[in-house]
Amino acid sequence: MPDSPSLNDFLLEALRNGFRSIGQVAVLPSVAAADIGADTRFSLCHESDRETASQGDTSLEPFDTPESARRIALENDAGEYRPLHSSPDLRRGWILHLEGVQNLRLALDFLYPAAIGMWLAHRNGSLEAHSFRDKLARQTGMYRSANRISNTRAQQLLRKLCDPSSGCLKKILWKIDPTTPVASLPPEKFDTATKNGDYTRCPLLCQEACNIAVAEARKEARKEVIVVPG
Ligand code: SF4
């Protein structure tokens, strides 16, 4: 396998090939795709504000440092804390101006941690997924009991937690265990289509269940009825 490009080089290549969207964020370069370079200026905004931003409307709240993205990602429109960066409730009404690809990558990492790196690894075929059981089996301390959850409850839990319209935008790459797929979510939840696909949209990939899923699995496992033979 050829050496992987650096993340900045990969991002530059993706931008020149049409990368303009990630999660709920629109990526707006200041020049045409063919002219994009390491020093190009970019703007980021909510996908639903793309048109407003493209028209130069000044009603959007301006930011100009990559670190601002951390603040933007913190709360939804109602001012509520967002524990999951990939939940579909990123707030609207802002525009973030950035100088160069390095700052763009930093800002994207604050909005969607590790998404660009996972995209590159997925395209290279080097992104390794871990099953839900693998993840639960690695837990220690108070979370060790999470792996007692039944497959039935696990399916129910994932249906609610990972629902793309209300829970999480990530695409799931793993199964419950090596022979049990997650059957409680719609097919598009598993449709990554990026290895040989185009660059237009960076997918958000779930390589293994997140810590919120582990914590919820622990709670559900505690509700399981233990039948003791009489
Ligand atoms: S397990 Fe993955 S898909 Fe489900 S909520 Fe967590 S990050 Fe999102």
Side-chain angles (χ1 to χ4, degrees), residues 21-25 46-47 69-70 72-78 80-91 107-123 126-195 197 201-224:
S21 182
I22 173 171
Q24 291 181 290
V25 169
H46 192 288
E47 189 66 72
R70 193 194 329 237
I72 291 166
L74 211 56
E75 295 176 345
N76 62 18
D77 275 321
E80 296 158 338
Y81 174 63
R82 298 172 71 237
L84 203 57
H85 283 80
S86 46
S87 60
D89 60 351
L90 186 69
R91 73 178 170 95
L108 293 178
D109 265 343
F110 283 127
L111 288 161
Y112 295 110
I116 301 295
M118 281 207 256
W119 188 21
L120 171 60
H122 191 55
R123 289 185 73 99
S126 60
L127 187 63
E128 200 181 327
H130 303 280
S131 77
F132 195 42
R133 289 288 171 206
D134 278 347
K135 175 84 181 194
L136 296 181
R138 292 205 309 271
Q139 303 306 306
T140 56
M142 65 184 273
Y143 291 104
R144 191 190 295 271
S145 61
N147 204 16
R148 291 202 202 121
I149 190 173
S150 66
N151 278 6
T152 303
R153 272 197 192 253
Q155 298 277 12
Q156 291 166 350
L157 156 66
L158 297 171
R159 181 178 62 208
K160 191 171 163 210
L161 184 72
C162 311
D163 183 292
S165 60
S166 59
C168 178
L169 294 170
K170 283 192 178 183
K171 305 287 187 179
I172 288 180
L173 300 175
W174 39 268
K175 296 180 176 178
I176 300 275
D177 61 43
T179 58
T180 311
V182 180
S184 53
L185 286 161
E188 60 266 28
K189 187 72 188 173
F190 310 93
D191 177 19
T192 57
T194 57
K195 258 188 189 172
R201 184 173 186 80
C202 169
L204 301 179
L205 302 169
C206 183
Q207 180 183 17
E208 64 175 19
C210 62
N211 290 340
I212 296 176
V214 172
E216 290 300 314
R218 174 176 172 265
K219 282 188 212 160
E220 291 301 315
R222 289 163 73 95
K223 294 181 196 162
E224 304 269 2

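Both counts, for ligands and for their atoms, begin at 1 and track the order of listing. Quick note: numbers below take in every heavy atom, side chains included, and nothing from hydrogens, waters or symmetry partners.
A salt bridge is defined here as a Lys NZ or Arg NE, NH1 or NH2 lying under 4.0 Å from an Asp or Glu carboxylate O, and R153 with E224 meets this definition. Salt bridge K160/E220: absent, no basic N to carboxylate O contact under 4.0 Å.
For ligand 1, the atoms lying closer than 4.0 Å to a non-hydrogen atom of L84 are 5 (S). Shown in contact with C168 at under 4.0 Å from a heavy atom are these atoms of ligand 1, numbered in order with element: 3 (S), 5 (S), 7 (S), 8 (Fe). Heavy-atom proximity to A209, at under 4.0 Å, picks out these atoms of ligand 1: 1 (S). Of all the atoms in ligand 1, the ones that sit under 4.0 Å from a non-hydrogen atom of K170 are 7 (S).
Among the backbone and side-chain atoms of C162, no N/O/S atom is found under 2.8 Å from atom 6 (Fe) of ligand 1.
With a 4.0 Å heavy-atom cut-off, ligand 1 is reached by no atom of I212. Contact annotation for I172 and ligand 1: only side-chain heavy atoms (C-beta onward) come within less than 4.0 Å of the ligand.
Counted within 6.0 Å of CZ on R222, heavy atoms from surrounding residues, nucleotides or ligands total 12 or fewer; the atom is thus considered open.
Taking 4.5 Å as the limit, every side-chain heavy atom of K135 sits out of range of all side-chain heavy atoms of H130. Residues F190 and V182 meet the side-chain proximity criterion, which asks for heavy atoms closer than 4.5 Å.
With respect to T192, the side chain to side chain donor-acceptor pair (under 3.5 Å) criterion is satisfied by exactly one of H122, K170, K171: H122.
Closest to atom 6 (Fe) of ligand 1 among all protein heavy atoms lies C210 SG, 2.3 Å.
Nearest to atom 2 (Fe) of ligand 1 by heavy-atom distance, out of C206, G167, P164, S86, is C206.
In this structure, CD1 in I72 is found 12.0 Å from CD in E75, a value given to the nearest 0.5 Å.
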